[in-house]
Amino acid sequence: MSREQQAVARARKAFETGRSRPLEYRIIQLKNLQRLFIEREKDISDAIKKDLNKSEVGTQLYETMGLEGEINLAIRKLKEWAAPRPVEKNLLTLSDTVYIQPEPLGLVLIIGAWNYPWAVTIQPLIGAIAAGNAAVVKPSEVCVHTAKVMEDLLPLYIDKELYPVVTGGVAETQELLRQRFDYIFYTGNGTVGKVIMEAAAKHLTPVTLELGGKSPCYIDKNCDISIACRRITWGKYTNCGQTCIAPDYILCDPSIQDRVIEEVKKSIKDFYTENPKTCPDYGRIINQRHFKRIMALVGDSTVAAGGDGDESDCFIAPTVLRDVKPDAKVMQEEIFGPILPILPVSGLDEAIKFINKGEKPLALYVFSADEKVISRMRDETSSGGFLANDCLVHFSVSSLPFGGVGNSGMGCYHGKFSFDQLSHLRGCLIKKLKMEGVNNMRYPPHTPKKLGW
Ligand code: NAD
């Protein structure tokens with residue numbers, strides 16, 4: 001048996017003992033996970049610093065704080081989430097007890113990505129534990145140091161049979177995918193998303209695919225451009241642009257393009273100084289492969305700011321591109337780096353048309369002081385999430401479902417949505433062995449006399 005098969009078999013066996021089911025056990029595991037984040041904060045942030053040059057504060061803000069919040073919420077709400085949910089009855093079932101009973105699915109496979117390696121791997125795990133499942137956790141191999149810390153630390157805090165960590169790359173993940181799971185929760189790019197879905201189909205395993213894409217950002221002429229650009233600059237260059245919901249590109253009227261560029265440049269300087277390379281709050285590209293890919297995207301467009309990089313350090317300066325054409329290289333794929341193209345459009349109608357020509361994005365941003373512009377953008381487009389006048393923050397709202405639609409993914413999570421996604425919502429009807437007369441009509445023979453027709 002391979003290492004992957006062994007982990008899966010052990011987790012399956014542990015699930016079959018039934019110990020993941022009692023709410024008390026789930027809460028103990030969640031509390032232990034919480035303890036890990038409190039006690040091992042330094043190990044976690046040191047590893048992420050090595051992987052992505054994230055500052056300690058950056059790791060707290062964008063990884064651990066959110067996870068701790070989600071764990072607290074799950075601990076606080078678990079009893080309510082897991083309780084039977086009474087539903088409306090029909091005439092035939094008036095005297096019965098009719099409810100939805102969430103039940104664990106069984107064994108979940110969680111495949112994480114590297115850009116927020118703890119957030120995107122552990123957040124589904126919180127849902128899996130809360131819902132009473134076992135889960136095999138496969139962190140991204142691209143974040144070498146973080147994967148190692150996760151592999152070392154998780155078994156010290158939570159049940160290592162029920163929630164094993166399996167490290168490795170494509171070969172190991174594919175070996176895992178050959179095994180049978182009851183659910184697969186994948187975060188990463190769409191090409192691999194198709195590989196995951198194909199493997200899942202062999203066992204009829206349901207999936208959540210948290211993918212990416214090009215998230216557009218429309219700036220209306222009628223808005224405070226300075227504030228808009230400050231928020232967009234934050235959303236774009238946080239984690240060096242390697243954020244699934246980063247605004248990928250800006251659409252705006254040509255008359256405000258120069259102003260937008262100036263304001264973005266000003267915010268870049270405010271956030272990361274004149275020299276972002278030495279600024280502790282500015283990250284690095286994950287590896288040289290991605291460095292080369294991102295630098296090649298700049299090629300055929302006009303640089304308005306930045307544009308330079310240092311391959312030896314995986315540094316790419318915060319970059320703005322102006323007058324970008326729809327057929328430019330940078331518009332052909334998700335950028336996932338610190339490059340911000342600006343595409344002039346003649347107004348809201350053209351912006352909506354442009355967005356609708358592309359795949360449905362993971363996030364869609366609009367900046368405007370006009371509520372009509374905001375509601376038109378919302379009503380005439382589709383995307384995983386929709387934000388007006390800010391970026392990224394919807395990720396932190398546990399009461400909102402987080403996930404994609406169409407090419408940006410399927411399924412959703414966070415808060416109770418994670419619990420529901422990783423539970424089977426079982427429809428239950430409990431009848432008493434009495435009042436048999438009520439059922440008379442349904443039994444054959446269906447004579448007109450009996451039916452009263
Ligand atoms: P990645 O390279 O870390 O891959 C993700 C996972 O897929 C890894 O665990 C890896 O081992 C596995 N994998 C890679 N190739 C595989 C293959 N051929 N077969 C089986 N498994 C394979 O991460 P990535 O895909 O570069 O991540 C970036 C993408 O993820 C971006 O598109 C981004 O938008 C998206 N993303 C989405 C979310 C979200 O919540 N929707 C969050 C983060 C990232």
Side-chain angles (χ1 to χ4, degrees), residues 4 51-52 62-63 66-67 70 109-125 127 136-147 150-151 165-179 181 184-200 202 207-215 235-236 238-248 285-287 289-291 293-294 333-337 359-364 383-385 392 394-396 400-414 417-418 421:
E4 293 74 25
D51 287 324
L52 283 152
Y62 301 111
E63 300 261 9
L67 287 172
E70 283 268 317
L109 171 61
I110 297 168
I111 304 174
W114 53 266
N115 58 329
Y116 291 89
W118 284 88
V120 304
T121 315
I122 301 303
Q123 200 140 325
L125 178 64
V136 173
V137 179
K138 215 302 284 173
S140 172
E141 72 282 14
V142 179
C143 254
V144 184
H145 300 96
T146 299
M150 216 180 272
E151 183 184 24
V165 179
V166 174
T167 53
V170 175
E172 290 78 4
T173 314
Q174 293 197 339
E175 174 64 1
L176 280 173
L177 287 170
R178 279 188 281 276
Q179 316 307 310
F181 290 91
I184 300 178
F185 195 109
Y186 167 79
T187 303
N189 68 76
T191 308
V192 175
K194 289 176 190 162
V195 173
I196 305 289
M197 220 172 152
E198 219 177 302
K202 297 223 166 69
V207 294
T208 290
L209 301 178
E210 293 287 340
L211 312 176
K214 292 184 86 60
S215 296
K236 180 70 186 189
T238 290
N239 202 27
C240 216
Q242 300 163 115
T243 304
C244 56
I245 44 175
D248 190 90
I285 302 304
I286 183 72
N287 56 31
R289 181 170 69 81
H290 279 283
F291 174 91
R293 178 188 64 77
I294 297 163
E333 61 178 83
E334 178 183 1
I335 300 168
F336 222 53
E359 296 289 356
K360 291 181 181 176
L362 186 58
L364 201 162
S383 61
L392 313 189
H394 59 307
F395 189 90
S396 68
L400 283 176
F402 183 84
V405 56
N407 255 52
S408 54
M410 60 184 71
C412 63
Y413 73 139
H414 288 195
F417 297 99
S418 304
Q421 187 89 116

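Note that the structure is a prediction, hence the values are computed from the model and not measured. Each ligand, and each atom within it, is numbered from 1 in the order the structure gives. All values below were derived from every heavy atom in this structure, side-chain atoms included, with hydrogens, water molecules and symmetry-related copies excluded.
- Distance alone, capped at 3.5 Å, is enough to place a donor-acceptor pair between the Asn239 side chain and the Asn115 backbone.
- Not a single donor-acceptor pair under 3.5 Å links the side chain of Ser383 to the backbone N or O of Pro361.
- Residue Leu362 has at least one heavy-atom neighbour below 4.0 Å for each of these atoms of ligand 1: 41 (N).
- Between Phe402 and Gln123 the shortest side-chain heavy-atom distance does not fall below 4.5 Å.
- In terms of protein heavy-atom proximity, atom 10 (C) of ligand 1 is nearest to Glu141 OE1, 3.3 Å.
- Inclusion of Tyr413 in the set of residues having an N or O under 3.5 Å from an N or O of ligand 1 is not warranted.
- Of all atoms in ligand 1, listed by their number and element, those nearer than 4.0 Å to a heavy atom of Asn189 are 24 (P), 25 (O), 29 (C), 30 (O), 32 (O).
- One N or O on the side chain of Arg293 and one on the backbone of Ile335 form a donor-acceptor pair closer than 3.5 Å.
- Residue Lys138 has at least one N or O atom closer than 3.5 Å to an N or O atom of ligand 1.
- For ligand 1, the polar-atom distance check finds an N/O of Gly112 within less than 3.5 Å of one of the ligand's N/O atoms.
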- Leu52 and Cys240: side-chain contact (heavy atoms from CB on, under 4.5 Å), yes or no, with the steps? CA-CA 9 Å; Leu52 283 152; Cys240 216; over 6 Å; no

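- Closest protein heavy atom to atom 4 (O) of ligand 1: Tyr186 OH, 4.4 Å.
- Nearest protein neighbour of atom 28 (C) of ligand 1, counting heavy atoms only, is Phe336 CE2, 3.6 Å.
- Summary of contacts: the protein heavy atom closest to atom 36 (N) of ligand 1 is Cys244 CB, 3.4 Å.
- For the residue pair His414/Glu70, the side-chain donor-acceptor check at 3.5 Å is not satisfied.
- Looking at atom 21 (N) of ligand 1, its nearest protein heavy atom turns out to be Thr173 CG2, 3.3 Å.
- Residues Met150 and Val165 approach most closely at O-CG2, 3.9 Å, considering heavy atoms.
- Between Ile184 and Leu177, the closest side-chain pair of non-hydrogen atoms falls below 4.5 Å.
- At a heavy-atom distance under 4.0 Å, no atom of Glu172 approaches ligand 1.
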Checklist entry - Could you go step by step and tell me if Asn407 and Lys360 meet the side-chain contact (heavy atoms from CB on, under 4.5 Å) rule? => result CA-CA 6 Å; Asn407 255 52; Lys360 291 181 181 176; 6.0 Å; no

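- Geometrically, ligand 1 and Gly188 share a nitrogen or oxygen pair separated by less than 3.5 Å.
- If you number the atoms of ligand 1 from 1 as listed, the ones under 4.0 Å from a heavy atom of Ile111 come out as 6 (C), 7 (O), 9 (O).
- The main-chain N or O of Trp118 is found under 3.5 Å from a side-chain atom of Glu63 such that the two form a donor-acceptor pair.
- What sits closest to atom 15 (N) of ligand 1 on the protein, heavy atoms only, is Val192 CG2, 3.4 Å.
- If you check which protein heavy atom lies closest to atom 3 (O) of ligand 1, you get Ser140 OG, 2.5 Å.
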Show your reasoning for whether side-chain contact (heavy atoms from CB on, under 4.5 Å) applies to Phe336 and Asn189. CA-CA 11 Å; Phe336 222 53; Asn189 68 76; over 6 Å; no

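- For ligand 1, the atoms closer than 4.0 angstrom to any heavy atom of Glu210 are 37 (C), 38 (C), 39 (C), 40 (O), 41 (N).
- The shortest N/O to N/O separation between Asn115 and ligand 1 does not fall below 3.5 Å.
- Atom numbering of ligand 1 starts at 1 in the shown order; those under 4.0 Å from a heavy atom of Val170 are 15 (N), 16 (C), 17 (C), 18 (N), 19 (N).
- The part of Phe402 lying near ligand 1 is the side chain, judged by heavy-atom distances below 4.0 Å.
- Between the CG atom of Leu211 and the CE atom of Met410 there is a distance of 7.5 Å, given to the nearest 0.5 Å.
- Note: no N/O pair closer than 3.5 Å links Thr187 and ligand 1 by distance alone.
- Numbered from 1 in the order shown, with element, the atoms of ligand 1 that lie under 4.0 Å from a heavy atom of Val120 read 42 (C), 43 (C).
- Side chain of Gln242 to backbone of Ile286: a donor-acceptor contact under 3.5 angstrom is found.
- In this structure, atom 26 (O) of ligand 1 lies nearest to the protein heavy atom Trp114 NE1, 3.0 Å.
- For a threshold of 3.5 Å applied to N or O pairs, the pair formed by Leu211 and ligand 1 contains at least one separation below that value.
- Between the side chain of Lys214 and the backbone N or O of Glu333, at least one donor-acceptor pair lies under 3.5 Å.
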